[in-house]
Amino acid sequence: MLRQVLHAGLRTSFHALGRFVAGHPVFFASAPVLLSILLGASFSRYRVEEDVESMLAPKHSLAKIEGNLVDSLFPVNRSKHSLYSDLQTPGRYGRVIVTTRKGSVLDPVHLDTILQLHRRIYKMQVTVPATGFNSFNYSFSYLCLPDDKNICIIDDIIRSMEDIQSARNSNRSVPVLRYPITQLADGRQAYIGHQLGGVQGWGPSGVVRGPGSGAKGEGVRSARALQLTYYLQARGGLMDRVASQWEKAFCAELHHFAALHPKLGLYPSASSSLRTDFQFSSVLSRRPLLASLGMCGVLAVLCCSMRDCVRSKPWLGLLALLSITLSGLTAAGILNLTGATYNSTYLGIPFVMLGHGLFGSFEMLSSWRRTREDQHVKERVASVFEDVMLRFSGSTMLHLMTLGLAASPLTNMEAVRLFCRTAALAVTISYVYMLSFYSSCLVFTGYLETGYRHGCFCRRVPKPDRLDSKPAWYRCLMYTRYQDETQATNTSNTDSHLLLGCMRRCYGDWITNTYVKPFVVLLYLVYISFGLMGFLQVTQGSDPSALVAMDTATVLYTRAQQRYFSSYSPVIGFYIYESAPYWNATVQRDLLEYAKGFQRISWLEAYLNYLSEHNQSTSQPRENFTHTLRHSFLREPQFAHFADDIIFAERGQGEEPDVAASRIFLVAKTTENKREEMSVLLDTLRRLSLTSRVRFLIFNPSFVYLDRYAAAVSSPLRHSLLAVLFLLGLSSLAVVEPLVSVWLGLTLLSVQFGVLGFMTLWGVELDCMSVLCLISALGHSADCSGPLLCGFASGRGESRTRWVRVALERHGVPSLQTLICYSAALVPVGSVRSNLTHTLFRCLTLTAGCSALHTLAFLPTLLTFLPPSKSRGHRPGEGQRQEVECVEMNDSTRVVDQITTV
C-alpha cells in the first residue's frame with residue numbers, strides 16, 4: 001500500500017511538472033542556454049593540475065609519513081658527497097639514459113662523447129626572465145647541490161669515466177671498474193648499479209657473464225646503457241622558475257645532441273616530465289572528442305528518424321547532444337569559478353554524461369510515440385513525464401550515489417575523488433537540463449507534429465490528394481500518414497520506425513523462442529567463465545607511466561629503464577630513526593643480518609671492518625665507540641662521505657654525543673617483475689620492523705605509489721557497489737518492487753564482474769582510470785537494465801513471454817539506440833596515442849557491451865522462466881487487449897476527435 005501511494009504521488013508530481021514545463025517552453029529552453037553562456041565565460045580561470053604525483057598516489061599512506069620523517073632527518077640539501085635515487089626523485093632534477101646502438105658506452109669513442117655531453121650540460125645556461133634589464137644567466141653550477149667543497153655533486157660514474165679517459169690519454173693502465181659497487185680514486189666505495197645498465201662482467205678465470213648477472217665487485221667488460229642525473233636546488237619561487245626553465249633547456253639540449261650523434265640513443269626525463277606527459281593526453285584528445293560528438297550526432301539523428309516525415313524527430317537527436325553539451329559547459333564553468341583544476345582523467349566525464357543523457361532522451365521519445373495523438377501537446381508531455389521521469393530519476397540517483405560515495409573522504413585516491421566529484425556535478429546538471437531544455441524542445445517538436453509540419457524542414461506537409469501531382473522524390477520526402485488514411489490504432493503509428501519494427505516483428509519473438517533460450521543460457525555461462533578467468537588474473541597498475549600519452553619522454557625513459565636497469569631495485573634507504581646501542585654486539589649482529597643478501601653501502605659495516613683492521617674490538621663502551629667513530633673513522637678520506645649518513649645528538653658537557661639517527665643504503669636483486677617484488681619487499685621489511693629491537697623504517701620515493709595502492713584503488717569501487725545495493729534494498733521497501741531491486745542488483749554485479757574480468761583479459765590493469773570506468777559502469781548498466789525490469793514487473797496477467805516482448809519494445813529500443821550512439825562516440829577515442837585513453841576506450845567499450853548483452857539477451861531470456869510471476873495480483877480481463885472500432889471526424893487538416901466503441 002505504501003509503495004502504491006508513493007508511486008501515485010510521484011507520478012502525479014511528475015505529471016504536474018510536465019504540464020508546467022510544457023506551459024512555459026520558451027523559458028525552459030532559453031534559461032539553460034543563457035546560464036551555460038554566462039558560466040562558459042569563466043574559462044579565463046582555467047587551471048591545470050600541477051601536482052600529478054600526489055593525485056596518482058594514495059593520499060593517506062604510511063609511506064608518505066615515512067617520507068616526511070626521512071626528509072626531516074636527511075634532507076636532500078644536507079647531502080654533501082653523493083646522492084642515491086631512482087625513477088622518482090623529490091625536487092627538481094634532470095635525468096638522461098644514454099644507450100649505444102653498437103658496442104659499449106665505455107668504448108673510447110662513446111665515452112668521450114658522453115663526457116662531452118656532460119660538459120655541455122654543465123655549461124648550459126638559461127636566462128630568467130627571458131627579456132628585460134633584470135635578466136640573469138643561470139648555469140648548472142649555480143643551481144646544483146654543492147658538496148662540502150662547494151663543488152656540484154655529480155654521479156660517481158662520471159668520476160670513474162673521467163679517470164678512465166685520463167688513463168687512456170696518458171697511456172696508463174685503465175683502472176678497473178667494478179659492478180655494482182666500485183671503488184673510486186679517493187678510496188671510497190660507490191654503488192653504480194643505477195648508473196650502468198646492460199652490464200657484462202668478467203667472471204672467474206676470465207669467463208664473460210651475461211647482462212645483469214654481475215656479482216658484487218666483479219669487473220665490468222661492457223655496458224649498453226648509462227644513466228646520469230643532475231640534481232637542482234629549488235629554494236623559493238624564483239629558483240623554482242629558474243629550475244623549471246633549466247629542465248626545459250636540458251631536454252631541448254639532449255634532443256639537439258641526439259640529432260648530432262645518431263650512434264647514441266638519448267632518453268631524457270625531468271621532474272616535470274610526468275606532469276607534462278600526463279596532461280598531454282587531453283591535448284591529443286581534442287580532435288577525437290569533436291569527431292566523437294559528430295559521429296554520435298549523425299547516428300542520434302538517424303535513430304530519431306522515421307519514414308513518416310511528420311512523426312520523425314531528427315532534430316531531437318541533435319538537441320539531446322546539445323543538452324548534454326550545455327550541461328558539461330555549465331559544470332565546467334562552476335568548476336572554474338570555484339577554483340578547481342583539470343586533469344586528464346576528466347576525459348571520461350563526457351562519456352558518463354553521454355550514456356546517461358542519451359538513454360533519458362531516447363526513453364522520453366519512445367514514451368512520446370506511445371501517447372495518443374489526439375491529445376494536446378501539454379497532456380502528451382505530461383504523460384511522458386509521468387511515464388519516464390520516475391525511472392530516469394531513479395537511475396540518476398544511482399549515478400549520484402555511486403559517484404558521491406567515491407568522492408567522499410573515504411576515498412584514499414585523489415584522482416578518483418576529484419573525478420567522481422566532478423562527474424556527480426555534471427550528471428546532476430545534465431538531469432536538470434534534460435527536465436528543462438530537452439523537454440521544452442520536445443514541446444516545440446510536438447507542436448510541429450500537431451500542425452503536420454515536416455520534422456526536419458518544418459514545412460507543412462500537403463494532403464495526399466495534393467501530393468499525387470508531385471514528383472516521386474517529393475512524395476517520398478513528404479510522406480506521412482494522415483488519420484483519415486487508415487483504420488489502424490495508435491499502436492501502428494510507430495511501425496515506420498526501423499529499430500522498433502525489427503524489435504517487434506523479429507528480435508522479440510526470436511530471443512524468447514524456446515529453442516533459442518538454451519543457447520542464451522549457455523552463452524551466459526561462457527560469459528561468467530571468461531569473466532572468472534580474468535577476475536583471477538587481475539593485476540595492479542601502480543606505475544604512473546601507464547597513464548601518460550604514448551611516445552612521450554616518460555614512456556620512452558621508462559622502457560629504457562626497464563630494459564637496461566631492471567637487474568637491481570631502486571636504492572632503498574634503511575633509516576634507524578631512534579638512538580640505538582650500536583656498540584652492543586647483539587645490535588650489530590641484528591643490523592648486519594637485516595642487510596644480509598642486499599648490495600649495500602653501510603657505514604656500520606665499514607666501521608666494524610675498520611675496527612677489525614686496526615685490531616680493535618667491535619664491542620666497546622659507548623664513549624670509546626663514538627669517539628673512534630667521530631675522530632678517526634669519519635676523518636679518513638675514503639670514509640668521510642659516511643658523515644652524511646649519521647646524525648649525532650649532543651649530551652652533557654664533556655661527554656661524547658649519541659648517534660641519534662643513521663641510514664644505510666640497500667639494493668635488492670630483482671627480475672622482470674620489479675614492482676611486484678618491491679611491494680613484497682616493502683611488506684616483508686615492515687613486518688620485520690615491528691619485531692626488531694632497533695627502530696627502523698625503509699623508504700624510497702617509489703614506495704609512495706606502491707603502499708596500500710590496491711586498497712586505495714579498489715575501496716571506492718567496493719564502497720560504491722555496497723552503496724548501490726543498500727539503496728536498492730532500501731527502495732524496495734517503499735518505491736520499487738522487491739524483485740526488481742533483486743534483479744537489478746544481480747545485474748549490476750554481473751556486469752561489474754564481466755567488465756572487470758574481460759578488461760583483465762584485454763590487458764588492462766587495475767589502476768585509477770580503470771576503477772573510474774568501473775564506478776561509472778554501475779550507473780550505465782542501471783540505465784540500460786532498470787527500465788526493462790520495471791516494465792516487465794509492472795505487467796500483470798498473460799504470459800511471461802508476452803511481457804518480455806512488451807518490455808523489449810518499450811525499453812529495449814532506447815537501450816539499443818543508446819548503444820549505437822555511445823559505441824560510435826567511443827571509436828575516435830580508441831585512436832588516440834595515449835595509455836590513458838586506451839584504458840578508457842577498452843573499459844567503456846566493455847561496459848557498453850556487457851550492459852547491452854544483459855539488457856537485450858540475458859535478462860529477456862531469464863525473465864521468461866524465473867520470478868517475478870505474472871499471475872500474481874491478476875484480475876480477470878486486466879491486461880487483455882481490447883478490440884477497438886474507431887470512428888473519426890476530421891477537418892481539412894487534422895483529426896479533431898476520436899470516438900471509440902468497445
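Starting from 1, each residue takes its place in the sequence as its number.
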Q) From Leu722 CG over to Met401 CE, what is the distance, rounded to the nearest 0.5 angstrom? A) 11.5 Å
Q: Look up atom CG in Leu73 and atom CG in Asn68, then write down how far apart they are to the nearest 0.5 Å.
A: 11.0 Å
Q. Can Phe699 and Tyr575 be said to form a ring-ring contact (aromatic ring centres under 6.0 Å, His included), step by step?
A. CA-CA 8 Å; Phe699 180 74; Tyr575 298 90; 7.2 Å; no
**Q.** Results of ring-ring contact (aromatic ring centres under 6.0 Å, His included) for Tyr46 - residues two or more places apart only
**A.** Tyr342
Q.
Within the structure provided, determine whether Thr345 and Phe278 are in side-chain contact (heavy-atom separation under 4.5 Å).
A. yes
Q. Is there a donor-acceptor contact under 3.5 Å from the side chain of Ser851 to the main chain of Ala848?
A. no
Q: Working to the nearest 0.5 Å, report the span between CG of Leu69 and CD1 of Ile65.
A: 10.0 Å
Q | Tyr230 ring center near Tyr93 ring center (under 6.0 Å) | A | no
Q: Please determine, by modelled atom types, if Tyr577 and Glu66 share a side-chain donor-acceptor pair under 3.5 angstrom.
A: no
(Q) Measuring only between side-chain heavy atoms, which start at C-beta, is Val242 closer than 4.5 Å to Leu232? (A) no
Q. Is the Tyr822-Phe359 ring centre distance short of 6.0 angstrom?
A. no
Q: Give the intermediate values and the outcome of ring-ring contact (aromatic ring centres under 6.0 Å, His included) for residues Tyr433 and Tyr438.
A: CA-CA 7 Å; Tyr433 280 16; Tyr438 183 79; over 10 Å; no
Q: Indicate yes or no for a side-chain donor-acceptor contact from Thr839 to the backbone of Asn835 under 3.5 Å, with no hydrogens or angles considered.
A: yes
(Q) Is a donor from one side chain sitting under 3.5 angstrom from an acceptor on the other, for Ser344 and Ser282? (A) yes
**Q.** Result of checking Ser395, Ser393, Ser327 against Tyr431 for side chain to side chain contact (heavy atoms under 4.5 Å, CB included)
**A.** Ser393
Q | Side-chain touch Leu840/Cys773, heavy atoms, less than 4.5 angstrom | A | yes
Q) Within the distance-only criterion (no hydrogens, no angle test), does the side chain of Gln227 pair as donor or acceptor with the backbone N or O of His194 below 3.5 angstrom? A) yes
Q: Quick one: do Ser36 and Thr330 satisfy side-chain hydrogen bond (donor to acceptor under 3.5 Å, both in side chains)? Show the steps, please.
A: CA-CA 5 Å; Ser36 300; Thr330 304; 2.8 Å; yes
Q | Check: Glu765 side chain, Asp767 main-chain N or O, donor-acceptor pair, under 3.5 Å | A | no
(Q) Determine whether a donor-acceptor pair (N or O, by modelled atom type, separation under 3.5 Å) exists between the side chain of His854 and the backbone of Thr747. (A) no
**Q.** Expected output: side-chain Ser408 to main-chain Leu405 donor-acceptor under 3.5 Å
**A.** yes
Q: Check whether any side-chain heavy atom of Phe351 sits under 4.5 Å from a side-chain heavy atom of Val829, and report yes or no.
A: yes
**Q.** Minimum heavy-atom distance between Gly830 and His838, given as atom pair plus value
**A.** O-NE2, 3.6 Å
Q: Determine yes or no for a side-chain-to-main-chain donor-acceptor pair under 3.5 angstrom, with Thr845 supplying the side chain and Phe841 the backbone.
A: yes
(Q) When you compare the side chains of Ser281 and Ser834, does any donor N or O come within less than 3.5 Å of an acceptor on the partner? (A) yes
Q) Hey, is Glu247 close enough to Arg95 for a salt bridge, meaning N to O under 4.0 Å? A) no
Q. Are Thr847 and Ser781 close enough that some pair of their side-chain heavy atoms sits under 4.5 Å apart?
A. no
**Q.** Other residues, nucleotides, ligands: >12 heavy atoms within 6.0 Å of Met397 CE
**A.** no
Q) Quick one: does Leu844's side chain get under 4.5 Å of Ser776's, heavy atoms only? A) yes
Q | Parallel, tilted or perpendicular: ring planes of Phe758 versus Phe530, cut at 30 and 60 degrees | A | parallel
Q: Could you verify whether a donor N or O on one side chain and an acceptor N or O on the other, from Ser430 and His356, lie under 3.5 Å apart?
A: no
(Q) Under a 3.5 Å distance rule, please check whether Thr552 uses its side chain to pair with a backbone N or O of Ala549 as donor and acceptor. (A) yes
Q: Return yes if some donor-acceptor pair links the side-chain N/O of Ser689 with the main-chain N/O of Arg686 below 3.5 Å, else return no.
A: yes
Q) How about Thr684 and Arg687: do any of their side-chain heavy atoms sit closer than 4.5 Å? A) yes
Q: Verify whether one side chain among Tyr267 and Thr558 offers a donor that lies under 3.5 Å from an acceptor in the other.
A: no
**Q.** Closest non-hydrogen atom pair between Leu772 and Cys420, with its separation
**A.** CD2-SG, 4.2 Å
Q. With side chains defined as the heavy atoms from C-beta onward, is the minimum distance between Ile775 and Pro716 less than 4.5 Å?
A. yes
Q.
Closer than 3.5 angstrom, by distance alone: can the side chain of Ser720 be matched with the main-chain N or O of Thr402 as a donor-acceptor pair?
A. yes
